[in-house]
Amino acid sequence: MNQNFLPKPLTRKFFQQPTLIMAKSLLGCLLIKETEEGTTSGFIVETEAYIGPEDRAAHSFGNRRTKRTEVMFGEAGYAYTYTMHTHCLLNVVSGELDKPEAILIRAVEPYSGIDLMFERRKIDKLKNLTSGPGKLTKAMGICMEDYGHPLFKQPLYIAEGYEPETISEGKRIGIHNTGEAKEYPWRFWVTGNQFVSK
DNA sequence: CGAAAGATTATCT
DNA sequence: GATAATCTTTCGC
């Protein structure tokens with residue numbers, strides 16, 4: 001619980017990087033969520049980029065602007081939460097204003113508040129705690145209420161973490177019937193990390 | 001207002 | 001691999 005590590009929230013400047021560069025820069029950063037029950041945090045170890053107009057797999061494909069994708073057209077650095085079946089997913093909006101780009105946080109490595117995460121997930125294996133986009137949001141208490149929240153301010157924010165030694169890249173997961181979009185190598189993860197989903 | 005689809009997860013074959 | 005669970009958004013009538 002009481003780490004000596006003082007998280008330094010990322011600055012707006014960090015979010016001004018091109019989407020694909022930022023997807024890699026986010027690896028190793030610390031994602032923090034503060035709630036009444038306690039604070040949970042984890043290092044981001046897996047991300048996926050979704051670049052609107054040219055990406056058939058993105059909700060914003062063809063510049064489709066709806067109530068749901070609205071935040072993606074806004075300024076970078078905001079949270080785009082989205083309900084999928086029985087789960088919630090967390091994205092970081094990237095790209096310039098009016099460019100519907102975002103980065104999906106697919107997995108994190110638990111850092112603090114691990115007891116609370118176990119309580120929420122009701123499982124007993126550390127490895128399954130946050131090794132997936134829907135798992136980590138449940139473990140950290142992230143939901144639709146966080147839609148549009150700036151990720152450089154409490155209670156939900158991203159801070160500087162560590163520098164990953166090696167980064168791998170490959171095809172995205174969980175999308176199909178989207179033509180060649182599923183072939184784009186826009187998934188990035190920390191090489192060898194056991195919390196990366198598969 | 002009703003229906004269908006979806007960037008997932010857990011479980012069974 | 002295939003499928004059910006189950007919620008919000010979006011689109012059609």
Side-chain angles (χ1 to χ4, degrees), chain A residues 18-20 22-24 26-27 31 33 40 42 44-74 76-95 99-110 117-149 151 156 158 168-190 193-198:
Chain A
T19 299
L20 291 177
M22 195 172 116
K24 283 186 271 196
L26 278 172
L27 295 176
L31 176 66
K33 166 81 181 191
T40 52
I44 297 169
V45 297
E46 184 180 2
T47 60
E48 264 182 23
Y50 285 87
I51 302 184
E54 53 188 277
D55 183 359
R56 294 182 62 88
H59 294 151
S60 51
F61 172 66
N63 278 319
R64 253 169 59 71
R65 187 173 192 147
T66 64
K67 185 183 172 187
R68 182 175 60 170
T69 60
E70 178 66 33
V71 71
M72 274 203 274
F73 289 83
Y78 286 76
Y80 169 41
T81 50
Y82 159 76
T83 306
M84 179 64 186
H85 291 77
T86 57
H87 305 278
C88 201
L89 277 60
L90 173 67
N91 294 251
V92 180
V93 175
S94 60
K99 299 276 176 61
E101 304 178 5
I103 298 164
L104 169 68
I105 309 297
R106 283 197 63 87
V108 302
E109 176 179 344
M117 293 197 222
F118 271 119
E119 206 174 303
R120 285 174 175 149
R121 291 272 293 129
K122 295 193 187 343
I123 56 170
D124 52 7
K125 286 191 191 129
L126 178 69
K127 224 173 99 179
N128 290 333
L129 210 50
T130 56
S131 55
K135 299 179 191 174
L136 74 92
T137 52
K138 184 169 186 191
M140 299 187 68
I142 297 168
C143 60
M144 283 307 287
E145 289 176 20
D146 296 302
Y147 180 92
H149 179 84
L151 290 168
L156 173 65
I158 299 175
S168 301
E169 62 178 63
K171 292 190 285 189
R172 290 177 295 183
I173 293 179
I175 53 180
H176 60 96
N177 295 332
T178 48
E180 42 179 55
K182 64 182 178 192
E183 304 293 333
Y184 299 160
W186 288 351
R187 183 166 77 102
F188 307 96
W189 68 93
V190 177
N193 188 288
Q194 61 175 326
F195 292 97
V196 172
S197 66
K198 200 165 183 191

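The chains referred to below are lettered A, B, ... by the order of the sequence lines, with proteins before strands, and numbering in each begins at 1. All values derive from a computational prediction rather than experimental measurement.
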Atom CG of A:Asn177 to atom P of B:dG6: distance rounded to whole Å? 8 Å
Check the distance between C:dT9's P and A:Phe61's CZ and give it to me in whole angstrom. 23 Å
Checking all strands, does A:Arg106 fall into the base, sugar-phosphate, or nothing category for heavy-atom contacts under 4.0 angstrom? sugar-phosphate
Could you check how far NE2 of A:His176 sits from P of B:dA5, rounded to whole Å? 12 Å
Does a donor on one side chain and an acceptor on the other come within less than 3.5 Å for A:Glu109 and A:Thr130? no
Would you check if the side chain of A:His149 reaches a backbone N or O of A:Tyr78 as a donor-acceptor pair within less than 3.5 Å? no
Are B:dT8 and A:His87 stacked, with the base six-membered ring and the side-chain ring centres under 5.5 Å apart and planes under 30°? no
Distance, rounded to the nearest Å, where A:Ile173 contributes CD1 and B:dG6 contributes P: 19 Å
Applying a 3.5 Å limit to both distances, which nucleotide forms a Watson-Crick or G-U wobble pair with B:dG2? C:dC11
Other residues, nucleotides, ligands: >12 heavy atoms within 6.0 Å of A:Glu180 CD: no
Mark yes or no for whether A:Thr83, through its side chain, and A:Cys88, through its backbone, hold a donor-acceptor pair below 3.5 Å. no
Does A:Arg121 place a side-chain N or O at less than 4.0 Å from the phosphate oxygens OP1/OP2 of B:dT9? no
Given atom CD1 of A:Ile105 and atom C1' of B:dT8, what is their separation to the nearest angstrom? 16 Å
Would you check if there is a donor-acceptor pair between the side chains of A:Tyr50 and A:Glu48 at a distance under 3.5 Å? yes
Rounding to a whole Å, what distance do you find between A:Arg68:CZ and C:dC7:P? 17 Å
Sort out the partner of B:dA7 for me: Watson-Crick or G-U wobble, both distances under 3.5 Å, none otherwise. none
Winner on side-chain proximity to A:Arg64, out of C:dT10, C:dT8, B:dT8, is C:dT10
Within less than 4.0 Å of OP1 or OP2 of B:dA10, is there a side-chain N or O belonging to A:Lys135? yes
When you get a sec, tell me which of B:dA7, B:dT9, C:dT10 is the closest nucleotide to the side chain of A:Thr66? C:dT10
Whole-Å distance, A:His85 NE2 to C:dA2 C1', equals 13 Å
Picking from B:dA7, B:dT9, C:dT6, the nucleotide nearest the side-chain atoms of A:His59 would be B:dA7
Closest-nucleotide mapping onto DNA chain C: is A:Arg65 or A:Thr86 further toward the 5' terminus? I mean the 5' end. A:Thr86
Closest listed nucleotide, where the reference is the side chain of A:Lys67 and the choices are B:dA7, C:dT10, C:dA5: C:dT10
So what does A:Ile175 touch, heavy atoms closer than 4.0 Å: a base, only the sugar-phosphate, or nothing? sugar-phosphate
Across all strands shown, which nucleotide pairs with C:dT6 by Watson-Crick or G-U wobble geometry, both distances under 3.5 Å? none
Rounded to whole angstrom units, what separation is found between the CG atom of A:Asn128 and the C1' atom of B:dT8? 14 Å
If we ignore hydrogens and angles and just use 3.5 Å, is the side chain of A:Thr81 paired with the main-chain N or O of A:Tyr147 as donor and acceptor? yes
